[in-house]
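One structure is given below, encoded as structure tokens.
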Amino acid sequence: MNNDKNSHSYKQNEDVNLSMDSIHARDNTELILTRKKTRYTNGANKIIEKVQNEFLERKRVEEIDLALENKDKKRFLELTSDNWKDVL
């Protein structure tokens, strides 16, 4: 008789536990919000960071164009400096 455990048994048990938690919870949103981390946390954080950076870049371009249009040298220099994120 072979008593070797399946190397994936822990992962499978973890998935079953997550599934059982979601079955017993009336609303999965509440379950997700009460946990510090979910299996989506790292991916979601990367997406949020990417979207925030894209927003800041677009805002920066708009502000640079506005500074050029208004001939605002000080604002232009602030937006083209290394710490431009602090200026926005």
Point to revise | Sequence neighbours excluded - salt bridge (charged side-chain N to carboxylate O under 4.0 Å, His left out) pairs with any residue from residues 64-73 | key: none
List the atom pairs, donor and acceptor, that lie under 3.5 Å between side-chain atoms in residues 56-64 and the rest of the protein, sequence neighbours left out.
unit_1: Arg60; atom_1: NE; unit_2: Leu79; atom_2: O; d: 2.8
unit_1: Arg60; atom_1: NH2; unit_2: Leu79; atom_2: O; d: 3.0
unit_1: Glu63; atom_1: OE1; unit_2: Arg75; atom_2: NH2; d: 3.0

Practice item. Check the hydrophobic clustering (I, L, V, M, F, W, Y; side-chain heavy atoms under 4.5 Å; chains of links allowed) and say if Phe55 and Leu66 are grouped together. Key: no
Practice item. Output the distance between atom CG (Asn53) and atom CD1 (Ile48), rounded to the nearest 0.5 Å. Key: 12.0 Å
Review point. For the atom pair NZ (Lys46) and NZ (Lys50), what is the distance rounded to the nearest 0.5 Å?
Key: 12.5 Å
